[in-house]
Every structure is written in structure tokens, then in C-alpha cells.
Trainee: 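Encoded as C-alpha cells, here's the structure I'll be asking about.
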Amino acid sequence: MRRLAVWIVSCAAILLMSHPAAAIEMPDGVSEKVIEWRRDLHANPELGNRESRTAAKVAAHLRALGMEVHEGIAHTGVIGYLQGGLPGPFLALRADMDALPVTEQVDVPFASKVTTQYRGETVGVMHACGHDTHVAMLMGLAETLASQRESLTGNVLFIFQPAEEGAPEGEEGGAQLMLAEGLFSDKYYGKPDAVMGMHVTSRLPVGFLGLKSGPMMASSDTFSIHVVGKQTHGSRPWQGIDPIVVGSEIVLSLQSIVSREIDITGTPSVVTVGQFRAGIRQNIIPDSADLLGTIRSFDPALREQVIAAIERRAKGVAAAAGTTAEFKLHPGGYAVTVNDPELTARLRPVLEATVGKQRVITMPLITGAEDFSFYAREVPGLFYFVGVTPTDKDAAQAPSNHSPLFYVDEAGMAVGMRAMLAAVNSFMAGE
Ligand SMILES: [Zn+2]
Ligand SMILES: [Zn+2]
């Protein structure tokens, strides 16, 4: 009798062990909560490195779910660690928390009325990039996975990151700072096997997802050029060196980098001068000019080539005019966002099965940048876009992310979460 009992127990144990863990499903009511959280976050947006209210809300939620929580990483970053009931892989999921200095013009009851000081001016603050939805969706996924942790194979790290849009001047922040503070080190839970994230976009309608294997979003670097001139009366230019003319020649010369120096059969690059500051009045040739610009690229070697060309041309043009120019590459640039080809090949069919094959769009290269790139440089990464433009509107004409009119159809959030949950289930099951 006792032997039989032992036999039954061990058979049951073997059965339990060999039986694949049930796929985790979203409990009823989570989608509604996510919409509620998103509206609260939307009405209370915070700029990068200042997301203290958002972070407190996230931390309280993760704690209530019984997770190990760490706060104050990279200023306001929060992480939660969920241990599954069964052994398996270690996956990181990331959401960014910061808003933008944009004055909201969308007519919704929870529109932001928040203002703040930014670079010496009073500006509106708005979740114009949709990071409010990212936070709410990841809170919803945290609740979903925590509710069924016994059947979760492996462990999940929830990353709520500050300052994706860049840290305030003179500060560090974002993914780079979280990693520098040991996010993927033994200080916390070590390196995950993979990292995943999503971003809402007006460029796709609700129900659609977008991704691309390999490089998907550009690297982004800021550069400045200081042109040294010699101040003189505007009526007697021969007695000075005009930095406005030299600066203008530099701007024109930079236009030839992409058109004449870069192999255009490869990936594209962009060089833009977005700011040109010099002078005070019409009849004084100033003593200096300052240019500020951005570089976008999809290839690390090409990026280096463009940077070197800008410096060479700036200095060369200045030398030809008998003066000097100082070139500076600013710290805090973003790397190319690369979707790991193997992980993408594995999970794209899962996304397709969730929303329909025709509704997973292969994105063209995007010259925008994302600091998710830094996590995906450390471990295999998957980053995809979630459509949030109402289906009765033309996504191509919809106000883009960062616009004061950026509008999120909240139905898109449920689609994003369903897709991520399916990807998590598949990844954790080792499929
Ligand atoms: Zn943005
Ligand atoms: Zn964004």
C-alpha cells in the first residue's frame, strides 16, 4: 500500500515536471485598470529624471504584487523582480517613464495641464511620445504574470526607466545610466537572457504591430562646432574674420558628407545642423559662431566615418579662412537599435499568431533613436511598435509622436499587451 502511494506520488511528480507549463493568460479587468493608470499618468506627466510621482506609483504597484523592488536607479528608475514557480529563462521587460516639454492640445478629459521650468522657460509637459502607455502596459503585464507566478517558468525583471528622451542639461540618465549603475550586473540579478520592449506609434493603426529584424532605429549623436572669428565693424570686414561666413561654409560643406563621401548602397545616414548662433546686430561682425547638429546612422563604422568627416571639414573650412573651428561630440548619444535576428525570427510568428499575419508590418528604417538600444547591445533584444491611431483615421496623416496633438486610441494598449504576453509565454517556454 505504502509502495503504491510512493509510486503514485512519484508518477504525479514526473507528470507535473514533464507537463509544459500552462500559458499565462491576462486576468479579467487588467485592461480596464491599464486604461485607468494610463489616464492618471497622462494627466500627471513628468520630465526625464524627474519622474518621482510615476516611479512611486510603479514601485507601490510592484510591491503590492509581492515583487522584490529597487528604486532610485539612475535617479528615478524602478525595477521589480518576479520569480516564477518553475525553473526557466531570465527575461527583462522595459518601459520608459518620461514625458516631453510639449503643451498638450488634445481634447480629452485627462489632458495634461502641467507646466514646468525648462531651459529657463515655462513650458507645458505632455506624454507626447506615449510613455504613459508604456508604463501602464508594463504594470498590467506585471500584474498578469505575478497573478500566475506558480506556472511561470523562469524569472522576469520589470524595468521602469527614466529619461529616455534625454536627461536635463548637465545630468546623465536613461538606459545608459541604469546599466552604468549595475542594472544587468550581479549588484541586482545579473544579465537577463533577453530584453523586450514596445513603443506606441501614430504611424500604425490600432491592431497593427511593426518591427524589423536587425538594425531598426538609428544611432543619434549631437555635435557642436565653435567657429573662432575676429570681431570688427560690419562696414570694414577686411579688418576681422567673419565667423558667420565661415560657419555658413561649414554648414554647406557638411551637406557633401552623405551625398559625396558615404557609400549610399549601404544604410542611410543623416547630418543636420539645427542651430546656428552668432552675432548681436547688423553692423558688428561677431567674434564667434556656434553650430549645433545631429547625426543619425544605422551602422557603427559608418557613424565613425561621418563623425570624422564633420570634424575634418569643419577644421578644413576654418583653416582655409585663416581661422580655427573646434569640434565636439556630445556625450549621451544613442546607439543603433538592433533587433536580434534569431530572437526576432523566433518571436515574429508568435506576434503574427496573436494579431494576424497581415497585421505585423515590417518597418522601414527609422531615423529616430531609442535608448532601448543600450540594453539590446548587452543581451539579445526585441523591440516592436504598437499602432495607436484610431482605425477610422489615416495613420499616415495622424499627428506624430512628439506632436502636441499626438493621440492614443487606448484600444491599442490591449493589443500591445496581448502581443507581449504571447511573446513572454513563448520565450519562457523555450519555444
Ligand atoms: Zn520620443
Ligand atoms: Zn518614446
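Counting convention: from 1, in listed order, for ligands and their atoms alike.
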Trainee: Any carboxylate oxygen within less than 4.0 angstrom of a Lys/Arg side-chain nitrogen, looking at D371 and R94?
Mentor: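 Yes, this pair counts.
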Trainee: Do K191 and E378 sit within salt-bridge range, that is, some charged N less than 4.0 Å from a carboxylate O?
Mentor: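 Result for this pair is yes, salt bridge flagged.
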Trainee: Sorted by first residue and then second, give each side chain to side chain donor-acceptor pair (under 3.5 Å) pair with at least one member in residues 383-399; sequence neighbours left out.
Mentor: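 Those involving residues 383-399 do not exist here.
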Trainee: Can a donor-acceptor pair be found between the side chains of D263 and T265 at a distance below 3.5 Å?
Mentor: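 Yes, because at least one side-chain N or O of D263 sits under 3.5 Å from a partner of the opposite role on T265.
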Trainee: Do R39 and E410 meet the salt-bridge criterion of a basic N to acidic O distance under 4.0 Å?
Mentor: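 R39 and E410: salt-bridged.
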Trainee: Provide the protein N, O or S atoms situated under 2.8 Å from the Zn ion (ligand 2); waters are not included.
Mentor: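 Less than 2.8 Å away from the Zn ion (ligand 2) sit C129 SG, H131 NE2, H199 NE2.
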Trainee: Is E342 paired with R346 through a side-chain N to carboxylate O contact shorter than 4.0 Å?
Mentor: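 Salt bridge: no.
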